Number of protein chains: 4
Amino acid sequence: MAVKREIQASVKDERLVEKRRNQMIRGAVSLFKEKGFHRTTTREIARAAGFSIGTLYEYIRTKEDVLFLVCDSIYEQVRKRLSSMDLEEGTLESLKLGIDHYFRIVDEMQDEVLVMYQEAKVLSNEALPYVLKRELEMVGMFEKLIKRCVENGELEISQEHQQLLAHNIFVQGQMWGFRRWALQKTCSIEDYIRLQTDLLFSGIKGFKAQVEVGG
Amino acid sequence: MAVKREIQASVKDERLVEKRRNQMIRGAVSLFKEKGFHRTTTREIARAAGFSIGTLYEYIRTKEDVLFLVCDSIYEQVRKRLSSMDLEEGTLESLKLGIDHYFRIVDEMQDEVLVMYQEAKVLSNEALPYVLKRELEMVGMFEKLIKRCVENGELEISQEHQQLLAHNIFVQGQMWGFRRWALQKTCSIEDYIRLQTDLLFSGIKGFKAQVEVGG
Amino acid sequence: MAVKREIQASVKDERLVEKRRNQMIRGAVSLFKEKGFHRTTTREIARAAGFSIGTLYEYIRTKEDVLFLVCDSIYEQVRKRLSSMDLEEGTLESLKLGIDHYFRIVDEMQDEVLVMYQEAKVLSNEALPYVLKRELEMVGMFEKLIKRCVENGELEISQEHQQLLAHNIFVQGQMWGFRRWALQKTCSIEDYIRLQTDLLFSGIKGFKAQVEVGG
Amino acid sequence: MAVKREIQASVKDERLVEKRRNQMIRGAVSLFKEKGFHRTTTREIARAAGFSIGTLYEYIRTKEDVLFLVCDSIYEQVRKRLSSMDLEEGTLESLKLGIDHYFRIVDEMQDEVLVMYQEAKVLSNEALPYVLKRELEMVGMFEKLIKRCVENGELEISQEHQQLLAHNIFVQGQMWGFRRWALQKTCSIEDYIRLQTDLLFSGIKGFKAQVEVGG
DNA sequence: TATGAATGAGCCTTCATTCAT
DNA sequence: GATGAATGAAGGCTCATTCAT
């Protein structure tokens with residue numbers, strides 16, 4: 001929120017800036033989704049937002065600003081929805097629930113996540129670090145969740161493993177979106193959650209072990 | 001290989017076409033890596049390839065053809081290098097080795113994989129299905145590897161789990177490239193292979209189990 | 001007039017569209033006259049019209065649109081000027097006057113008529129029929145003029161002859177422009193009108209007859 | 001014939017030059033007919049002629065040379081076929097026959113005449129006068145035909161009328177081609193010859209006179 | 001504040017012509 | 001003589017951005 005203000009607007013009325021930028025973001029997301037950032041023109045963004053090209057440029061400085069705003073807004077939404085997780089409980093069950101929650105969010109915001117995922121990289125060297133920071137922030141939430149399990153004695157993995165696990169969870173969420181062409185043909189989000197949870201928790205050997213124990 | 005021929009060239013000499021296209025691909029990959037497909041001009045591609053813009057267009061029809069050629073070439077290289085894996089052995093050890101092998105390939109071809117990964121989506125509706133097919137082909141290799149383990153009694157997981165696991169492995173390879181900004185700061189490829197293998201094979205509970213057993 | 005609107009402009013203000021297109025047409029006619037449609041660049045058209053290339057494309061979609069606009073405008077002008085003819089009188093004198101009138105218009109609009117005449121054929125299959133329709137419309141005016149004479153008993157020729165005669169008159173008008181290199185060397189427009197009228201009205205045998213009668 | 005030699009060829013063997021140029025002309029005519037001079041590429045001409053682009057340029061110096069060759073060849077053909085007319089007889093009948101003959105030639109060579117007619121103007125200032133000269137040469141044949149009638153007392157029209165009449169006949173021949181979209185819908189070449197001859201010989205008043213006399 | 005006409009740099013692509021083999 | 005790969009000037013068109021109203 002504090003960040004949007006970093007993108008300069010000619011218009012002074014902050015409420016108006018907020019409102020116009022939201023219109024803009026909504027329009028842009030659906031356009032970027034359809035044709036990507038580069039194939040979308042500023043005119044199209046303005047039209048989709050419901051105002052003129054002149055007005056658009058009263059609220060941003062360059063086309064790239066729109067992308068930044070879009071990415072920022074999506075991160076913010078995901079983060080906000082994710083923030084209802086209890087990061088502190090420190091049980092495997094809460095971790096499982098966190099994953100379930102995140103995957104469902106990603107499923108619902110599929111288009112947005114996909115857009116951000118595919119277009120964020122075109123952000124300039126000035127804006128990219130900020131976006132990456134936000135991404136790490138979200139990965140950090142999973143790390144926290146995991147670390148609490150370790151602290152709680154529910155899990156015993158090294159810090160390195162914790163970090164990578166957090167990344168894996170984060171990427172597996174995005175993966176549901178960016179590999180939808182393959183995954184979503186045979187699999188519902190429920191299936192996906194169940195299967196990924198199985199693999200994450202039991203691992204390959206875990207399956208084997210279970211069987212052996214059971215046998 | 002048979003595919004490149006589908007992109008029409010004005011020049012008849014196939015050897016020359018092969019040679020020029022390789023020059024073109026080499027140049028294009030490094031440009032796409034640096035600035036992405038859309039920000040790269042055809043003139044730059046020609047210059048990087050070592051010939052004139054006119055010559056470039058003797059070997060392709062549109063700029064998009066270059067991207068297709070690049071993607072196809074990278075897939076082909078990865079596939080070729082991957083083909084030395086023994087898909088039939090059916091032991092956990094061979095699966096582990098396969099992953100090790102694949103991750104090292106991805107590490108060495110990081111730039112290429114990154115490019116393909118980030119730009120493939122801009123391919124038109126005509127070319128995209130082909131690219132996706134090639135991707136599934138590679139995922140299929142991991143599926144095969146896994147399935148043989150199951151057939152061999154080394155692993156006991158459902159077909160759904162097998163498929164998703166193959167996707168996970170494939171994506172985790174790419175992830176080493178596209179999240180290098182986070183992963184490669186603290187982690188060598190050896191570390192990455194070791195850690196991912198641990199997580200894949202033991203799972204979260206597996207660690208716990210080991211500890212409990214050991215304690 | 002209604003037709004120009006069929007060529008899409010990005011600019012909404014219809015008055016402005018009208019004005020800019022007129023600038024465009026004026027510039028284009030003089031360029032097409034000098035070097036033909038194909039050898040004239042869109043940049044040259046823009047410059048001749050007094051605005052930038054970007055602005056040009058705010059008022060048309062393709063270069064061919066300019067040609068269409070030019071042709072349409074010329075037809076419209078000729079038609080408008082021709083419309084002062086009295087098509088109904090039905091005397092040989094009025095026919096003679098009509099021819100006189102038309103030939104003078106063509107003389108004054110020589111460059112325009114020449115341009116249209118030489119370049120209309122490059123219009124695409126979409127636009128050509130419209131242009132031909134307009135041409136037939138003008139031929140139709142002469143047919144009307146002739147037919148009234150017939151109806152009036154001033155003339156007694158078959159419908160086939162009427163039609164062809166109308167075409168002949170129309171083409172002889174254009175001919176004054178497109179064969180100016182030959183005709184206008186020795187002949188003023190007054191001469192041309194007189195001579196063509198003689199030939200049209202008396203025919204070859206007519207002369208003979210007159211002579212014989214007179215002798 | 002002597003003219004073709006004016007267009008320089010690298011190849012010395014004159015027989016070969018003649019042969020290759022004929023191939024070239026044949027191919028070019030059909031291409032120009034289809035898409036016009038400007039939209040036809042030299043490569044297409046070469047291909048249509050049955051040899052390579054390199055070879056094409058062994059026999060011409062510029063693309064425009066091809067057009068010149070084409071125009072020259074067509075004029076030559078028409079002139080040759082026209083030369084069987086008896087220009088000296090000096091009867092109205094022979095004039096009528098001449099027209100008949102010429103119109104039939106134009107009908108048979110419609111495409112060629114159309115091409116030449118529409119594209120000749122793009123010839124450079126160097127080549128154009130030559131083409132116009134050839135055209136006047138042909139008009140001159142009709143003038144001769146007419147003048148002999150006058151000398152013979154079969155016709156009594158001024159020299160000015162004679163010249164214009166010759167032009168009219170010439171243009172009416174071409175008109176059969178370039179207005180085919182209108183004329184040939186309802187009219188065979190026989191009809192056209194008959195109707196035009198009627199109009200030329202009797203004139204408008206002639207019809208009336210005939211009727212009056214006949215009445 | 002809002003508008004939208006104007007701008008022009010820059011992009012992709014074509015094609016006449018050359019020249020080494 | 002024949003070939004065809006190479007060249008690069010030039011053309012049509014787009015679109016981010018500005019600015020007067």
Side-chain angles (χ1 to χ4, degrees), chain A residues 9-13 16-17 20 38-47 50-66, chain B residues 9-13 16-17 19-20 38-46 50-66, chain C residues 9-13 16-17 19-20 38-46 50-66, chain D residues 9-13 16-17 20 38-47 50-66:
Chain A
S10 305
V11 173
K12 299 297 170 197
D13 181 345
L16 196 52
V17 171
R20 292 276 182 261
H38 279 109
R39 296 208 207 270
T40 300
T41 68
T42 51
R43 276 175 159 80
E44 289 171 322
I45 295 170
R47 196 182 319 128
F51 37 72
S52 72
I53 181 68
T55 300
L56 183 77
Y57 274 86
E58 294 289 318
Y59 296 93
I60 54 159
R61 280 250 257 259
T62 69
K63 187 186 173 189
E64 206 191 286
D65 283 352
V66 180
Chain B
S10 303
V11 172
K12 298 291 173 192
D13 181 341
L16 195 54
V17 170
K19 180 182 157 195
R20 292 277 180 262
H38 280 109
R39 296 207 205 273
T40 300
T41 69
T42 51
R43 275 180 168 75
E44 288 171 322
I45 296 170
F51 38 69
S52 72
I53 182 66
T55 299
L56 181 76
Y57 275 88
E58 292 284 315
Y59 296 93
I60 52 162
R61 281 244 269 248
T62 68
K63 189 187 173 191
E64 207 191 286
D65 282 352
V66 179
Chain C
S10 303
V11 172
K12 297 292 171 188
D13 181 342
L16 194 54
V17 171
K19 181 182 155 196
R20 292 276 179 263
H38 279 109
R39 296 208 206 272
T40 300
T41 69
T42 52
R43 277 175 170 79
E44 287 171 325
I45 296 170
F51 37 68
S52 71
I53 180 67
T55 300
L56 182 76
Y57 276 90
E58 292 283 315
Y59 296 93
I60 52 160
R61 281 242 270 250
T62 68
K63 188 186 173 190
E64 206 192 285
D65 282 351
V66 180
Chain D
S10 304
V11 172
K12 300 296 170 197
D13 181 343
L16 196 51
V17 171
R20 292 277 180 258
H38 279 109
R39 296 206 207 273
T40 300
T41 68
T42 51
R43 276 175 158 80
E44 288 171 321
I45 296 170
R47 195 181 321 128
F51 39 70
S52 72
I53 182 66
T55 300
L56 183 78
Y57 274 87
E58 294 289 318
Y59 295 93
I60 53 161
R61 280 251 256 258
T62 69
K63 187 186 172 190
E64 206 191 286
D65 283 351
V66 180

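Computed over heavy atoms, backbone and side chain alike; hydrogens, waters and symmetry mates excluded. A note on names: the letters A, B, ... follow the listed sequences, proteins ahead of strands, and every chain is numbered from 1. All figures in this text were calculated on a predicted structure; none of them were measured in a lab.
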Just the rounded figure in Å: distance from [atom2] of [N] to [atom1] of [X].
{"X": "C:His38", "N": "E:dC15", "atom1": "NE2", "atom2": "C1'", "value": "14 Å"}
{"X": "C:Lys12", "N": "E:dA2", "atom1": "NZ", "atom2": "P", "value": "21 Å"}
{"X": "D:Arg43", "N": "F:dT3", "atom1": "CZ", "atom2": "P", "value": "14 Å"}
{"X": "B:Phe51", "N": "F:dA6", "atom1": "CZ", "atom2": "C1'", "value": "11 Å"}
{"X": "C:Ile45", "N": "F:dG11", "atom1": "CD1", "atom2": "P", "value": "12 Å"}
{"X": "A:Asp65", "N": "F:dT18", "atom1": "CG", "atom2": "P", "value": "11 Å"}

Heavy atom of residues 53-60 of chain A under 4.0 Å from DNA chain E: which residues?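 Here the set is A:Ile53, A:Gly54, A:Thr55, A:Tyr59.
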Identify whether any heavy atom of [X] sits under 4.0 Å from a base atom; if not, whether one sits that close to sugar-phosphate; answer base, sugar-phosphate or nothing.
{"X": "D:Arg20", "value": "sugar-phosphate"}
{"X": "A:Ser52", "value": "base"}
{"X": "A:Arg47", "value": "nothing"}
{"X": "D:Ser10", "value": "nothing"}
{"X": "B:Lys19", "value": "nothing"}

Identify the heavy atoms of D:Val17 and D:Ala9 that sit nearest to each other, and give their distance.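 What the structure gives for the nearest pair is CG2-CB, 4.1 Å.
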Can you name the closest pair of heavy atoms from A:Lys63 and A:Tyr57 and give their distance?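 Smallest heavy-atom distance, with atoms named: N-OH, 4.3 Å.
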Using a cut-off of strictly less than 4.0 Å, decide whether C:Thr42 has a side-chain nitrogen or oxygen near OP1 or OP2 of F:dG12.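 Indeed, a polar side-chain atom of C:Thr42 lies that close.
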I want to confirm an ordering. Mapping D:Glu64 and B:Thr62 to their closest nucleotides on DNA chain E, which one lands closer to the 5' end?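 Closer to the 5' end of DNA chain E: B:Thr62.
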Among C:Thr62, C:Ile60, C:Leu56, find the one that has a side-chain contact (heavy atoms from CB on, under 4.5 Å) with C:Thr42.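 Result for side-chain contact (heavy atoms from CB on, under 4.5 Å) with C:Thr42: C:Leu56.
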Which nucleotide, if any, forms a Watson-Crick or G-U wobble pair with F:dG11, using both distances under 3.5 Å?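 F:dG11 is paired, partner E:dC12.
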For F:dA20, which nucleotide is its Watson-Crick or G-U wobble mate, given both distances must be under 3.5 Å?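 In the structure as shown, F:dA20 has E:dT3 as its Watson-Crick or wobble partner.
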Say you draw a straight line from OG1 of C:Thr55 to CD of C:Glu58; how long is it, rounded to the nearest 0.5 Å?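 Interatomic distance, C:Thr55 OG1 to C:Glu58 CD, rounded to 0.5 Å: 6.5 Å.
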